[in-house]
Amino acid sequence: MAGLTDSATTKHVVVGTAGHIDHGKTSLVKALTGIDTDRLPEEKARGITIDLGFAFLEEPDGLTIEIVDVPGHERFVKNMLAGVGGIDLAMLVIAADEGVMPQTREHLAICSLLRIKTGVVVLTKADLVEPDWLELVRDDVAGLIRGTFLDGAPILGVSAKTGAGLPELRAALRALATAVPARSTDALPRLPIDRVFTVKGFGTVVTGTLMAGRFGVDDKVEVFPRGATAKVRGLQTHGHSVTEARAGQRTAINFQGLERAAVERGDVAGLAGTLVASVLVDGALDLLPDAPRPLKNRDRVRFHVGTSEIMARVLLLERTELAPGERAFARFRLEAPVVALPGDRFVIRSYSPIVTIGGGTLLDIDPPRLRLKAPARLAHIRTLAEGTPDEVVEEHVRHAGVSGVRLAALSGRVPYGPERLRGLLDALQAGGRVLAIERDWFLHADSQARLRGLALAALEKYHRANPLRPGMPREELRGRAGGADERVFAHLVTALEAAGSLKAERDKVRLASHEVRLSPEQQRIVDHIEGDFIKAQAAPPSPEEALAHAGVTGDEEHELFQLLLEARKLVRVKESLFFHARALDAIQDKVVAFLRERKEIGPGDIKDLLGISRKYAIPLLEHMDARRVTTRVGEHRVLRGG
Ligand SMILES: Nc1nc2c(ncn2[C@@H]2O[C@H](COP(=O)(O)OP(=O)(O)O)[C@@H](O)[C@H]2O)c(=O)[nH]1
Ligand SMILES: [Mg+2]
């Protein structure tokens, strides 16, 4: 390890105790570390552990073994669950004189459900039994752990009273801790909160095991799902102040200016805006083989994830009932928001009696609502459960629909870290499955296809209904295309233009194949109107008059009159005063020539110059101003910039 900095060689591994009440967990932690984890007055008085306790061992080579001591009493399994969520290793403690008891089994089941990978079994109070008896208990325990994650783990006889076996236990913990793989640094930082308290002069402090990522002093942290945000004033790991806490460390965060009442156990600290709170989650659920009865659709259960416990209804996705030992996809409708990520393990306990009955892996924390048909929901969750990472990310983008999804929103919904996610999105883009609307905003190719279908159908319909209109107003088309977001729509129009199926001009859009075709009679009328305006030059007819001359009735709204406007042959100068474009150019030339010579022009001058009445003179002068040919000075105009 030479050459590495101090912090790079520091390793933190969290061990959680597990086991029945009074089997000697707290005494064992004290014998190992010298720390009494029963700190509450009530714990001292009653001699039992009620809440979580914390201790640590500092080993050579920068290894710190942190220990979470949990209560064994069946009434406090909830607290036990809050403590073991983030642990790396389990230390299953069994009193040699009593052997396996109910919470020995329940805690073992919980650790299995949480997918804790390794651990050690300690037969405590070895001083109270004969060696032969210890061997019998050892055999019994070997049977208990067969087929579980502890199969093959060391089973060590220890006495907290005499100290016998403690060095061997410490060595075993060290060996296991050394083998624990480092936690990924490519993950959203989050700390499920297991304790909250105030320190005089410092304010609110929360503690927990930092599950992933890192937090630094001055980071802006949000307490999910409550939404309070605050800056990190100070960080501590096992009693030392640090500037940065990293994944796997027991961490205390001191917040700057955060109300004690704004946080509770079960909340999750994360960087502001990164995590997602949800009252509906989908997962793969295993019912324990020794669950007392089948789980029925709509049963009420206690749902545990991270350090939170929330009441929930189970909605089985494919069946009405789940038998002990079976697995199925399940949806949980939670009575309060939960903050988690797909891939997190959860545990469920029955409402009454309160026993652990199952658990599993979260697959979707923002699942499709029930209005989606059952087979589609099942296909969605199957992809999330069994798909490759790129299929999973693609499914999430597809699920976001025609509004697409932003990277920040996606990172809180996928089981991959930000870097991995970006790589997967790059690959999906390269394969044409996902499109980038703009940087960090993604749309699935299927959603794009759906929008394309809607837009092309709407244009076709529009052209059929309005054959003389050269194009459809852009905003109207956007409304027809599912009211797509402006940028999503702009992206679509650009793509369709590039594909040659559509043309966009100013605020109008048309199919590339569309062109206005006039009947001979319509063409005659259009030509007649145009001819009228050319002839009239600076003293044009009103739209009604021009139409009447051509033998039709109507005003400027007439589709053939509009056609001349669209084609920019006629130009609106004022309300219902129109000039031919070429006439306006000629007028401009005359005005400019006049001004070159005379420097200024007034209403009387233009009347004389063009031989027109005041009715046309004033609007024309204003139009020349609007065209930025002239500027007004008092009652006169001068050449702009001249
Ligand atoms: N003789 C003996 N007693 C022990 C040993 N470890 C714990 N005890 C006793 O067992 C009781 C329960 O211990 P505790 O650590 O509170 O158990 P926990 O509920 O599992 O945390 C206490 O009275 C301890 O003194 C041991 O190794 N030998
Ligand atoms: Mg205890």
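Counting convention: from 1, in listed order, for ligands and their atoms alike. Hydrogens, waters and symmetry mates play no part in the numbers below; they use all other heavy atoms, side chains included. Fair warning: this is a prediction, and the values are worked out from it, not measured in the lab.
Note on Arg331 versus Asp282: salt bridge recorded, some NZ/NE/NH1/NH2 to OD/OE distance being below 4.0 Å. Taking a cutoff of 4.0 Å between a charged side-chain nitrogen and a carboxylate oxygen, Asp299 and Arg293 do not qualify as a salt bridge.
Checking Thr26 against the Mg ion (ligand 2), an N/O/S atom falls under the 2.8 Å cut-off. For residue Ser27, no N/O/S atom approaches the Mg ion (ligand 2) to within less than 2.8 Å.
Closest approach of Ala126 to Leu134, counting heavy atoms only: CB-CD1, 4.4 Å. When all heavy atoms of Glu318 and Phe329 are compared, the closest pair comes out as OE1-N, 3.5 Å. Scanning all heavy atoms of the two residues, the minimum distance from Leu316 to Asn297 falls at N-OD1, 2.8 Å. Of all heavy-atom pairs spanning Arg105 and Leu144, the tightest one is NH1-CD1, 3.4 Å.
At least one heavy atom of Ser159 sits less than 4.0 Å from an atom of ligand 1.
Counting heavy atoms closer than 4.0 Å to ligand 1, residue Asp127 contributes side-chain atoms (C-beta onward) but none from N, CA, C or O. Contact annotation: for Leu28 versus ligand 1, there are no heavy atoms closer than 4.0 Å.
Remark: minimum distance from atom 17 (O) of ligand 1 to any protein heavy atom is reached at Gly24 N, 3.0 Å. At the top of the distance list for atom 16 (O) of ligand 1, counting protein heavy atoms only, stands Gly47 O, 4.0 Å.
For ligand 1, the polar-atom distance check finds an N/O of Asp22 within less than 3.5 Å of one of the ligand's N/O atoms.
Of all atoms in ligand 1, listed by their number and element, those nearer than 4.0 Å to a heavy atom of Ala160 are 6 (N), 26 (C), 27 (O). If you number the atoms of ligand 1 from 1 as listed, the ones under 4.0 Å from a heavy atom of Leu128 come out as 1 (N). The distance from ligand 1 to the heavy atoms of Ser27 drops below 4.0 Å at these ligand atoms: 6 (N), 7 (C), 13 (O), 14 (P), 15 (O), 24 (C).
Classification of the Phe346-Phe332 ring pair by plane angle, with boundaries at 30° and 60°, yields perpendicular.
Evaluated for a side chain to side chain contact (heavy atoms under 4.5 Å, CB included) with Phe54, the options Thr209, Asp194, Ile67, Ile35 yield exactly one hit, Asp194.
Atom 13 (O) of ligand 1 lies below 4.0 Å from at least one non-hydrogen atom of the protein. Protein heavy atoms come within 4.0 Å of atom 24 (C) of ligand 1.
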Apply salt bridge (Lys or Arg N to Asp or Glu O under 4.0 Å) to the pair Glu309 and Lys78, showing each step before the final yes or no.
CA-CA 7 Å; Glu309 180 199 47; Lys78 175 181 164 176; 3.4 Å; yes
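Across Lys25, His23, His20, Lys125, heavy-atom proximity to atom 11 (C) of ligand 1 is greatest for Lys125.
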